[in-house]
Amino acid sequence: MQYNDRSNCGRLGSADIDKTVHLAGWVDALRDHGEVLFVHLRDKSGIVQLVFSPEFTPEEICRQSTSLRSEYCITVFGRIVKRAEGTENPNIETGDIEIIVTDMTILSRSDNLPFPISEKAMMGSTNETISREPVSEDLRLQYRYLDLRRPGMQQFLIKRHKINACVREFLDQNEFIEVETPILTRSTPEGARDYLVPSRVNPKHFYALPQSPQLFKQLLMVAGFERYYQITRCFRDEDLRSNRQPEFTQLDLEASFIDEEFIFNLIEELLCRMFEIGGTNLPRPFPHMTWQEAMDKTGSDRPDLRFEMYFVEATDIFTQTRYSIFKQILQRGGVIKGINVKQASESLSKNVLQNEYAKQIVPGFGAKGMTWMRVTGDQLDSNIVQFFSKEEQQTIIKRFNASDGDVILIIADPSLELVNSALGRLRLHVADRLDMIPKDKFVPVWVTDFPLFEPTEEGVTSSHHPFTAPDRIDFDPADQEDLLSLLSRSYDIVVNGEELGGGSIRIHDPATQQKVFAALGLSPSEAEEKFGFFLRALDFGPPPHGGLALGMDRVVAMIMKTPSIREVTAFPKNRSAFCPLTQAPSLVAHEQLAELGLLDLGKAESLPGSDQEQDTIDYLSWVSRIGFEDNERPMIESALDDAVKMAQAVFGIAQEYEPAISVVRGQNCFRKGSSATRSSFVETGALLKNAPSVKGDYFRVASILE
RNA sequence: GGGGGUGUAGUUCAGUUUGGUUAGAACGCUUGCCUGUCACGCAAGAGGUCGCGAGUUCGAGUCUCGUCACUCCCGCCA
């Protein structure tokens with residue numbers, strides 16, 4: 001069968017009337033009227049209606065057509081005709097025409113489908129309605145190749161391709177070159193767990209899959225490429241979310257002899273072009289917000305600016321308050337902040353505020369409670385308003401810019417971090433519940449001036465990674481207070497409260513880099529051991545440089561207006577990092593493990609750097625040579641637990657006895673009337689000749705009860 | 001690791017609160033009829049370990065406990 005002359009279903013139109021066409025695709029839907037049969041034929045380009053009728057279709061073909069079923073793969077020849085008046089279908093692009101079939105071949109048949117594929121008349125609607133009924137994602141992933149037949153899903157991947165192409169074209173125009181960096185590499189300084197790959201050639205050594213190409217891209221700057229980018233896979237072994245997969249795609253880029261402004265301009269232009277592919281215009285320039293401002297106003301370092309409802313600082317209003325809860329919190333150096341939910345008194349009834357928000361939702365955010373006040377006229381109305389003086393009430397109204405119908409929500413706590421976090425989540429919760437977030441609105445913002453370090457129990461740690469440039473270099477690595485006052489030259493690009501990417505200007509001066517390591521408590525030798533190859537590169541004239549990485553999955557998902565990056569990933573993993581289609585990850589053959597030297601890792605001392613304790617049950621399983629399935633483990637665990645408890649109980653009762661291997665004293669028993677006879681094979685040694693070890697006339701058995 | 005939700009026909013879901021006849025609906029599927037449908041129509045039919053396991057009970061889809069799977073949130077993670 002030749003397909004050279006094949007046409008695309010979805011591209012046919014009135015201009016093609018009377019032409020003879022060759023089509024191939026899948027049976028999207030069929031309607032059998034006995035004599036005449038209508039088929040929607042679908043290929044990548046769209047849908048067109050086929051007509052099988054004895055008037056013009058050969059008898060044999062008509063007969064074959066009755067065996068057609070959904071998703072059969074067929075090819076047809078036919079003539080394009082204008083549809084009779086009144087039979088046009090406005091729901092499909094090709095609704096003005098149809099194909100009179102003159103020949104048809106069934107290329108392959110399909111089983112009954114596990115879920116509907118055809119989007120039928122919904123073709124005309126937007127992506128938001130992919131199918132009329134949602135199908136469980138588990139099933140979709142198991143039959144992903146069928147899921148991906150749906151036009152809506154194809155659009156996601158096609159648009160993703162267009163976005164990738166747009167990125168490559170734009171960066172090429174700006175003299176960035178795409179360089180591939182290793183996937184098998186060593187652990188990089190990002191904070192997440194690594195995926196490890198054992199090396200066969202170097203037994204007991206492991207590669208790490210990159211969490212990002214961070215060090216390599218900086219080395220490319222040292223190498224003098226000046227502008228690099230890569231659309232590359234990154235890996236992090238952390239729990240999954242709807243916007244987090246264990247492997248994900250980053251647009252990673254880095255440039256030399258640039259500053260923050262260069263990155264802002266470049267990325268704004270790039271993002272505008274990318275969003276345009278989804279039909280969205282992002283207004284430029286993007287607003288900026290310092291990390292401090294973002295935290296103060298929204299309690300989050302990725303503020304959602306589609307709506308206001310910013311935090312109002314209210315601590316000073318209550319310095320003289322009689323309200324004992326506030327009073328106590330302020331005595332402990334606490335903070336009081338709130339938000340004004342404009343014109344919400346109808347939706348937020350006293351009952352909702354007190355019983356839902358104050359009692360359940362806000363405590364769920366980690367705060368002890370929530371104070372609420374409804375504004376009626378110029379009065380405050382609340383369950384605790386009587387504790388506040390007239391002056392306090394007036395100041396509250398003024399400070400929160402409150403008017404009739406508003407609802408003021410206040411959270412107080414000794415910890416500023418807790419107030420910010422709880423009030424930030426409350427802000428989002430209320431906005432979502434009251435439908436205050438405009439649909440189809442996209443508000444980007446650059447968040448800058450992050451703290452360089454965060455405090456830890458021992459000292460400080462990098463907020464991003466240790467190669468981020470500080471805003472000043474005259475700091476004292478030993479002065480914790482000084483360190484915590486340092487800001488970094490880093491920036492995150494946030495859209496609608498989701499972090500799409502981030503980056504920084506890097507340190508290119510070895511002395512500064514040493515100071516940062518010193519601040520982190522890394523001795524020169526430790527730094528050498530971890531990043532020696534990279535630090536050495538800084539000794540050879542590194543250029544000033546910086547860059548950024550964009551989470552492509554998130555960007556594409558946002559452009560396509562879908563909440564989950566799994567929708568824009570061809571073959572994603574589910575929540576348990578498992579692929580229902582391929583059943584990965586899977587057990588592997590014993591021989592494979594042996595070849596990789598992974599069989600004798602049971603004992604901690606055989607694996608340098610490993611300090612994990614051996615699992616008791618695995619050990620007992622090994623000792624007793626009795627295998628078990630994973631689902632039997634809980635049972636064995638509880639049995640073992642019981643055994644241990646019993647042993648302890650017995651030992652507690654009978655401490656004077658020495659523990660013995662056997663409870664019953666060992667002795668030989670004979671049937672009544674018979675006496676012990678000694679086998680002649682004992683004398684020759686033949687009886688125990690196959691025993692692994694012999695003691696006297698006995699052979700040893702495995703000490704499975706040790 | 002912690003918390004919430006869900007699990008009943010191929011699919012999407014009722015039924016579970018308050019245990020009680022043969023577990024239902026829609027779509028899909030199978031067969032038959034139908035020459036203009038496009039969510040075709042009409043008629044008939046098949047299809048269920050009610051996630052799994054224990055328990056309570058005369059009796060469990062329904063109540064209790066455990067367990068598994070999926071999913072959302074927190075932790076974790078740029």
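Numbers restart at 1 for each chain; the letters A, B, ... are given by sequence-line order, proteins then strands.
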Assigned partner base of [N], Watson-Crick or wobble definition, under 3.5 Å:
N     : answer
B:C70 : B:G5
B:U21 : none
B:A78 : none
B:C33 : B:G41
B:A14 : none
B:A54 : B:U64

Given side-chain contact (heavy atoms from CB on, under 4.5 Å), test A:Val460 with A:Leu484 step by step and report yes or no.
CA-CA 8 Å; A:Val460 298; A:Leu484 291 177; 3.9 Å; yes

Look at the side chain of [X] and decide which nucleotide, out of [options], has an atom nearest to it.
X        : options             : result
A:Arg69  : B:U37, B:U31, B:C70 : B:U31
A:Ser242 : B:G75, B:C70, B:C72 : B:C72
A:Glu499 : B:C38, B:U71, B:A78 : B:A78
A:Gln211 : B:A78, B:G1, B:C73  : B:A78
A:Thr87  : B:U35, B:G36, B:G75 : B:G36
A:Arg83  : B:U37, B:C74, B:C72 : B:U37
A:His33  : B:U37, B:C70, B:C76 : B:U37

Indicate the atoms forming the closest heavy-atom contact of A:Met274 with A:Ile559, along with that distance.
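Heavy-atom minimum between the residues: O-CD1, 3.4 Å.
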
Verify whether one side chain among A:Asn243 and A:Glu498 offers a donor that lies under 3.5 Å from an acceptor in the other.
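Side-chain D/A pair, A:Asn243 to A:Glu498: present.
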
Looking only at side chains, do A:Tyr491 and A:His288 share a donor and an acceptor under 3.5 Å apart?
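Result is no, nothing qualifies.
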
Whole angstrom value for the distance that separates [atom2] of [N] from [atom1] of [X]:
X        : N     : atom1 : atom2 : answer
A:Leu428 : B:C73 : CG    : P     : 12 Å
A:Leu68  : B:U37 : CG    : P     : 21 Å
A:Asp32  : B:G32 : CG    : P     : 10 Å

Name the orientation class of the two ring planes belonging to A:Phe264 and A:Trp446 (parallel below 30°, tilted from 30 to 60°, perpendicular beyond 60°).
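Rings of A:Phe264 and A:Trp446: tilted, as their planes differ by 30° to 60°.
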
Which label fits A:His33 and A:Phe38: parallel for a plane angle under 30°, tilted from 30 to 60°, or perpendicular past 60°?
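A:His33 and A:Phe38: perpendicular rings.
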
Is the base of B:C38 touched by the side chain of A:Asn89 through a donor-acceptor pair closer than 3.5 angstrom?
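In this structure, the two groups form a donor-acceptor pair.
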
Taking atom CD as the centre, does A:Glu93 end up with more than 12 heavy-atom neighbours from other residues, nucleotides or ligands that are less than 6.0 angstrom away?
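At most 12 heavy atoms, drawn from other residues, nucleotides or ligands, come within 6.0 Å of this atom.
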
Take atom CD of A:Glu60 as the centre, draw a 6.0 Å sphere, and report whether it contains more than 12 heavy atoms from other residues, nucleotides or ligands.
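Atom CD in A:Glu60 is crowded, with more than 12 foreign heavy atoms closer than 6.0 Å.
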
Residue met sooner reading RNA chain B from 5', once A:Ser70 and A:Phe248 are mapped to nucleotides:
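The residue closer to the strand's 5' end, by nearest nucleotide, is A:Ser70.
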
For A:Asn112 and A:Arg244, find the nucleotide of RNA chain B closest to each by heavy atoms; which residue's nucleotide sits nearer the 5' end?
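Here A:Asn112 is the residue nearer the 5' end.
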
Sugar-phosphate only, base, or nothing, as touched by [X] at under 4.0 Å among non-hydrogen atoms:
X        : answer
A:Ser463 : base
A:Glu88  : base
A:Glu98  : base
A:Asp239 : base

Given the [atom1] atoms of [N] and [M], what is the spacing between them in whole Å?
N     : M     : atom1 : answer
B:U67 : B:G10 : P     : 28 Å
B:G28 : B:A39 : P     : 12 Å
B:G61 : B:U17 : C1'   : 14 Å
B:C40 : B:G3  : C1'   : 49 Å
B:G36 : B:A9  : P     : 37 Å
B:U16 : B:A23 : C1'   : 12 Å

Planes under 30° and centres closer than 5.5 Å, is that true for A:His40 with the base of B:C38?
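Check failed, A:His40 does not stack on base of B:C38.
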
Verify the contact: side-chain N or O of A:Arg575 to OP1 or OP2 of B:C73, cut-off strictly under 4.0 Å; return yes or no.
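No, no such contact exists.
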
OP1 or OP2 of B:C40 less than 4.0 angstrom from a side-chain nitrogen or oxygen of A:Arg31, does that happen here?
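A:Arg31 to B:C40 OP1/OP2: side-chain N or O found under 4.0 Å.
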
Side chains of A:Leu581 and A:Tyr145: does their closest heavy-atom pair fall under 4.5 Å?
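Contact flag for A:Leu581/A:Tyr145 side chains = yes.
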
Partners passing side-chain contact (heavy atoms from CB on, under 4.5 Å) against A:Ser14 (at least two apart in sequence or in another chain)
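With sequence neighbours excluded, A:Ser14 shows a side-chain contact (heavy atoms from CB on, under 4.5 Å) to A:Ile17, A:Asp96, given in chain and number order.
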
Are any protein N/O atoms closer than 3.5 Å to N/O atoms in nucleotides 3-11 of chain B? If there are, list each pair with its distance.
from, atom 1, to, atom 2, distance (Å)
B:G10, O2', A:Pro114, O, 3.1

